Participant: 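Before I ask anything, here is the structure I am working with.
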Amino acid sequence: MTRIRLSILFAVAILAIGLTTYFVTARESHPGHASNSPDLDGPLSNATVSFGEWMTPVDRFPNVSPATANHHELIPKVATIKAGGTVNFIIAGFHNINVYDDGTQPEDINTSLTVPPTAQPMPPLINDPNRRIYRGLDPSLQPRDRVEVVHFAKPGTYLVICGVFPHFVNDRMYGFVRVLP
Ligand SMILES: [Cu+2]
């Protein structure tokens, strides 16, 4: 009886040590997850950008996402937040978010660099890595309505484009995130 009890105690102790090691290691191996921003509050702590919009009238029931009924624009065109804040990109339609570093202009994007979406047939996606700080999910693998939340640590003016080739090149689907100090 005592021997069984000792065995159980031993097993619990081993488990506790293992779990402690796991949590300590997990915390140490992921630096920077905490934002360390004490005053991230108020109206400029985040902004919402509609990244593509469904036209009206349209009937999407029960599960239809007609490409011909989708606006290709960012609303608002310029979103303003403060440093350390976030932008909630609400994506409606077939779109791919690409964020470029402070000062990049639409003319700076090399549209000859593209990558095919994973699921075909779909238009190519612009893939210019120069000064790109965020590239979103491959839309060919995603539902047509979703959200991507992007953090902006430093002040600046960040270009945000839709990587879907005809959306950027033909429809000029882009906007900016203005990040205040
Ligand atoms: Cu698009």
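Numbering of ligands and ligand atoms starts at 1, following listing order. Throughout, numbering of the chain's residues begins at 1 and tracks the sequence. Quick caveat: nothing in here was measured; it's all calculated off a predicted structure.
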Participant: Compute the angle centred on the Cu ion (ligand 1) spanning SG of C162 and SD of M173, and express it rounded to 10 degrees.
Facilitator: 100°
Participant: Partners of R132 by side-chain hydrogen bond (donor to acceptor under 3.5 Å, both in side chains), sequence neighbours excluded?
Facilitator: N127
Participant: With carbon and hydrogen excluded and only N/O/S kept, which atom of H167 is nearest the Cu ion (ligand 1)?
Facilitator: ND1
Participant: Mind checking side-chain hydrogen bond (donor to acceptor under 3.5 Å, both in side chains) for T118 and listing every partner two or more places apart, or none if nothing turns up?
Facilitator: D138
Participant: Any donor-acceptor pair under 3.5 Å linking the side chain of D128 with the backbone of T111?
Facilitator: no
Participant: Out of the N/O/S atoms in H95, what is the name of the one closest to the Cu ion (ligand 1)?
Facilitator: ND1
Participant: Closer than 2.8 Å to the Cu ion (ligand 1): does that hold for any N, O or S atom in H72?
Facilitator: no
Participant: Decide if atom NZ of K77 counts as having more than 12 heavy atoms of other residues, nucleotides or ligands within a radius under 6.0 Å.
Facilitator: yes
